[in-house]
Amino acid sequence: MKNIDSKGHVTGKSIYVDDIPTIQGTGYGVVFDSPKAHGIIKSVDYTKALALTGVINILTHEHIPGENQIGGIFPNEELFASKEVHFQGQPIALIIAESEHIGFKARKLIEIEIEEKEVITDPRVAQQKGQLIFPPRTFSLGSTSDAWNDCDHIFEGKVEINGQEHLYIETQGAYAQPLESGNIKISSSTQGPTVVQRAASKVLNVGMHTIEVDVVRLGGGFGGKEDQATPWAIMAALGAQLLHIPVKVILHRMDDMRMTGKRHPYSADYKIGLAKDLKIKSYEVTFFQNAGAAADLSPAVMERTLFHATNSYFIPNVKATAYSCKTNLPPNTAFRGFGGPQGMFVIESALAEAAEKLGIDRQELQKVNLIIDGDEFPYGQIAEGVGLSKAWSTLESKFNLEAVKSKISAFNKNNDALKKGYALMPITFGISFTKTPMNQARALVHIYSDGTVGISTGAVEMGQGVNTKMLQIAADVFSIPANKIKLESTNTTRVANTSPTAASATADLNGKALEKACNALLERLTKSAANQFKVETSSISLVNEAILIDGSPSEMSWIELVDMAFLERVCLTENGHYATPLINFDKDKEKGHPFAYHVFGLALTEVTLDCIRGTYDFDAVKIVHDFGKSMNPTVDRGQIEGGLVQGIGWMTLEEIRYNEEGRLLSNSLSTYKVPDIYSVPKEVVIEPLDTEGTEMAILKSKAVGEPPLMYGIGAYFAIEHAIKAFNPQYQSTFDAPFTHEKVLTALYS
Ligand code: MTE
Ligand code: HPA
Ligand code: MOS
């Protein structure tokens, strides 16, 4: 099935928050934010701004009827700064005006006085000063301290990883409308409708039942709208509650870039020990997560860094510790991979360092250490259905790895100004929210009396194609065409207590809930048909809108069956509930079985370096990917291509810069470079790994949203490989992203 949104997107007819027709009398919200990264608010003077014609009101912490608090995991983040500011871009007030233009004018008239305090942007400095968001955590297996004695080679080093701007095409925004009896409806560009509803109810001091959150779709989220769609939605709702008018808040791009958190930058120290046969014996790693000024999702992100600290390798002795460091930057947040990519980049760096020092190919080390079935992860789960060795051999044969290698070395012999390099990047990514209770979902299905179907789930469409997959499931169970099915918006009054659309688990969780609901309805309809024809229910099947008896067509159609069941007063509505079985995690022991399953894969990245300019082009990325049994190969390939390019961007071009005062320098698209059509690989080939899939995945079709991002890590090491062909003296620095400037320096260092 084609992505049901393609046509609307291409013709510009798809609806986003800012496309919702505004009601007369709507107020437009503009956020006034802190110009300083840390300090005490001495005074704020709104007089001139309030006097501007067209300004309706300015809301601050003083107007909040409930708690001035939006922290999801820890209550340590104010909606509007009250006494102290902790980052540049921290919201202090919401100007509500008759137009956005007036709002922006008013913002310039606000006078603020801040007594500045020390600004920290470096996570290591924060850690040294004891500024942690929450206590550190350690995952361990075996005993590293004993294992060092058995190692023939030990290497240590440091790794720096920068953050990443989400750059969803649709910026953050919401539109809130007062309904009767004090109820409020919020249309929000959020991955987590319930996250918004819960936080809004706290701030507005009302029950969750009075707040309805509706999401049609997002113009991209990538994790940036899992928690950080919340403040703007609450601000709009607060305006609606206090002023009794609809209020719209849509961030302009530079406001969005300045005010919102990004992928967490990490610093890390590692120590890796190998035996003579190149098996990794011991690995110690310490992560310094740059959390920014508040917790946001940092605890969960940090946890996933620990889960993926050994990537695709079995290591018998591991000690991985992580500190969540409080700095004066916007609170960093979820971003595709959710801490996993950072964990993986560090172990890949450790292997690269070891290979460099031992004078061997990096992939030799990778290959002999791959996880196999029965191996234990440092968090206690035993590896099952591992596809890594098979992916490796498939890649070697399908993409002729040896030929690629000889082609590259021949090229390098014959060229001085251009050098080629390659790298392999295996991935192992755990599927499930690491917080077990979040792994549940519901779906509401109506069959209307004319045989058409309406579906509501907790899944949010953000470009990943989840709505198409939901529609496929219902069409498949009922055996009716897609045009008879409508996918409703995601709405908290139809499906309550949703988990955010995240962790790549949305199609699994909501799809399984939907499948259950559809199957329950199918069973009822089958029973009605069996009664009518006086046969066993097992004789009845529904195929292509026809009712079959023992495989032969009856005179009854799907529409007639539905109509008959309705007249018989059969319930044609069903609510399905799904909770992932088996999974658990004990935080006291840091052991358990947190993931329903793992997704595996392997990528080969080939790059050509211009050694005069320091620029590079990716010739090809060839991937063997574990889809299970893909339920929609086109959508899933789209996810791989998008994830890959986003990962390459993070590792190469995208450079977030803050100055010492905590001011974002890369604050617009002229100073923050993302991959474009010229920088994407010239060739992306994807070969499905031949596997059975798993019952834990919807229709055995494995989650695909985040894992491919980590193929992008191969880009970093392919560049390194090419640099070494030009400059054999080059010593790795493991400082991502590998921008053209850094490459140029490396070529001549
Ligand atoms: N693809 C598109 N086009 N837009 C997005 O915002 N988000 C990614 C991924 N793919 C995203 C995307 C992230 S961060 C996640 S967690 C998954 O989609 C979420 O959707 P899923 O659970 O349905 O895979
Ligand atoms: N992944 C993504 N988002 C999340 C998770 C996770 O594991 N846990 C909480 N939010
Ligand atoms: Mo994705 S980072 O789990 O929204």
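Order of appearance sets the numbers: ligands from 1, and atoms from 1 within every ligand. Just so you know, these numbers use all the heavy atoms, side chains as well, and skip hydrogens, waters and symmetry mates. The first residue of the sequence shown is numbered 1, and numbering continues consecutively from there.
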Atoms of ligand 1 close to Gly220 [distance to a heavy atom under 4.0 angstrom, numbered from 1]: 6 (O)
Under 3.5 Å, is there a donor on one side chain and an acceptor on the other for Arg637 and Ser630? no
For Gln191, the ligand 3 atoms with a heavy-atom partner under 4.0 Å come out as 4 (O)
Could you tell me whether ligand 2 has any atom less than 4.0 Å away from a heavy atom of Glu226? yes
Ala459, portion touching ligand 1 at heavy-atom distance under 4.0 Å: neither
Sub-6.0 Å ring centroid separation between Phe345 and Tyr716: yes
Proximity winner for atom 21 (P) of ligand 1, if only heavy atoms of Thr506, Val635, Leu709, Thr501 are counted: Thr506
What atoms of ligand 1 come closer than 4.0 angstrom to any heavy atom of Gly221? 5 (C), 6 (O)
Tell me which protein heavy atom sits closest to atom 9 (C) of ligand 2, plus the residue, atom name and distance to 0.1 Å. Met438 SD, 3.6 Å
Starting from atom 23 (O) of ligand 1, what is the nearest protein heavy atom, named by residue and atom, and what distance separates them? Gln464 NE2, 3.1 Å
Any N/O pair Ala503/ligand 3 closer than 3.5 Å: yes
Per-atom contacts, ligand 3 versus Phe335 - under 4.0 Å to a heavy atom: 2 (S)
Can you see whether His593 engages Tyr379 through a side-chain donor-acceptor pair at a distance of less than 3.5 angstrom? no
Can you report which non-hydrogen protein atom sits closest to atom 8 (C) of ligand 1, along with the distance? Arg336 NE, 3.8 Å
Have a look at ligand 2 and work out which part of Glu303, if any, has a heavy atom under 4.0 Å from it: side chain, backbone, both or neither. neither
Specify side chain, backbone, both or neither for Lys435, according to which of its non-hydrogen atoms lie closer than 4.0 Å to ligand 2. neither
Which atoms from ligand 3 have a heavy atom of Arg336 less than 4.0 Å away? 2 (S)
No-hydrogen, no-angle side-chain donor-acceptor test under 3.5 Å, Glu160 and Ser267: yes
Taking distance alone, with N or O pairs closer than 3.5 Å, would you say Ala505 contacts ligand 1? yes
Taking 4.0 angstrom as the limit and counting only heavy atoms of Gly223, give me the atoms of ligand 1 inside it, by number and element. 14 (S)
Should the proximity of Phe433 to ligand 2, defined as any heavy atom under 4.0 Å, be assigned to the side chain, the backbone, both, or neither? both
Under 4.0 Å to a heavy atom of Gly223 - the qualifying atoms of ligand 3, by number: 2 (S), 4 (O)
Ligand 3 to Ser504 polar contact by distance, N or O atoms, under 3.5 Å: no
Among all protein heavy atoms, pick the one closest to atom 4 (N) of ligand 1 and tell me residue, atom and distance. Met462 O, 2.8 Å
Number the atoms of ligand 2 from 1 as they appear, then name those within less than 4.0 Å of a heavy atom of Thr434, with their elements. 7 (O)
What atoms of ligand 3 come within less than 4.0 Å of a heavy atom belonging to Ala502? 3 (O), 4 (O)
For Ala503, atoms of ligand 1 separated by under 4.0 Å from a heavy atom: 16 (S)
